[in-house]
Amino acid sequence: MTDKITYYAIIDEFSSRDRPGGVLRRVINDEGQVDEAFSRDLKWEFSPLLYAAERGDTMFDFVAISEGEAGRIVERIRGLASPDA
């Protein structure tokens, strides 16, 4: 089975759908399922946030987005982390 990847914009009280606070991806494959957020360390890392939301934690909203939108969010995060930003 090939990986099925779904991307989500992470939205909280300080962000919006147009400018989300972060991006998360859920990867499903033969080995199971894992959720990863693009971190301030500029890499994809395990995140329990979507699991928590599915169990009733409403601290963040997750909106499914396209791979292209996710890429733009990742690039924005990289730009903010750049010493020239």
* To do: For residues Asp3 and Ile28, determine if any side-chain heavy atom of one lies less than 4.5 Å from a side-chain heavy atom of the other.
  => no
* To do: Could you state whether Tyr51 and Ile10 fall into the same hydrophobic cluster, counting links through intermediate Ile, Leu, Val, Met, Phe, Trp or Tyr residues with side-chain heavy atoms under 4.5 angstrom apart?
  => no
* Asked: Yes or no on side chain to side chain contact (heavy atoms under 4.5 Å, CB included) for Ile73 and Ile65, after CA distance, side-chain angles and deciding distance?
  -> CA-CA 10 Å; Ile73 297 167; Ile65 59 174; 3.7 Å; yes
* Asked: If Ile, Leu, Val, Met, Phe, Trp and Tyr residues are connected whenever their side-chain heavy atoms lie under 4.5 Å apart, and connections chain through other members, are Tyr8 and Val27 in the same group?
  -> no
* To do: Tell me, with the steps shown, if Leu24 and Phe62 meet side chain to side chain contact (heavy atoms under 4.5 Å, CB included).
  => CA-CA 8 Å; Leu24 184 138; Phe62 296 89; 4.1 Å; yes
* Asked: Can you get from Ile5 to Phe46 by hopping between Ile, Leu, Val, Met, Phe, Trp and Tyr side chains that sit under 4.5 Å apart?
  -> yes
* Structure fact -> Between the OG1 atom in Thr58 and the CG atom in Asp12, the distance rounded to the nearest 0.5 Å is 12.0 Å
* Asked: Name the one of Glu36, Glu45, Glu67 that satisfies salt bridge (charged side-chain N to carboxylate O under 4.0 Å, His left out) with Arg25?
  -> Glu36
* Asked: Among the clusters formed by ILVMFWY side chains lying less than 4.5 Å apart, do Val34 and Phe38 turn up in the same one?
  -> yes
* Are the side chain of Arg17 and the backbone of Ala9 linked by a donor-acceptor contact shorter than 3.5 Å? -> no
* Asked: Got a donor-acceptor contact below 3.5 angstrom from the Asp41 side chain to the Lys43 backbone?
  -> no
* **Working for side chain to side chain contact (heavy atoms under 4.5 Å, CB included), residues Thr2 and Asn29** => CA-CA 6 Å; Thr2 57; Asn29 57 30; over 6 Å; no
* Lys/Arg N to Asp/Glu carboxylate O, Glu75 vs Arg78, below 4.0 Å -> yes
* Do Leu49 and Val23 share a hydrophobic cluster (ILVMFWY, side-chain heavy atoms under 4.5 Å, transitive)? -> no
* To do: Establish, yes or no, whether the cationic atom of Arg19 lies under 6.0 Å from the six-membered ring centre of Phe14 and within 45° of the ring axis.
  => no
* Asked: Do Tyr7 and Val74 come close enough that some side-chain heavy atom pair is under 4.5 Å?
  -> no
* Asked: Do the non-hydrogen side-chain atoms of Ile11 and Pro20 ever get within less than 4.5 Å of each other?
  -> yes
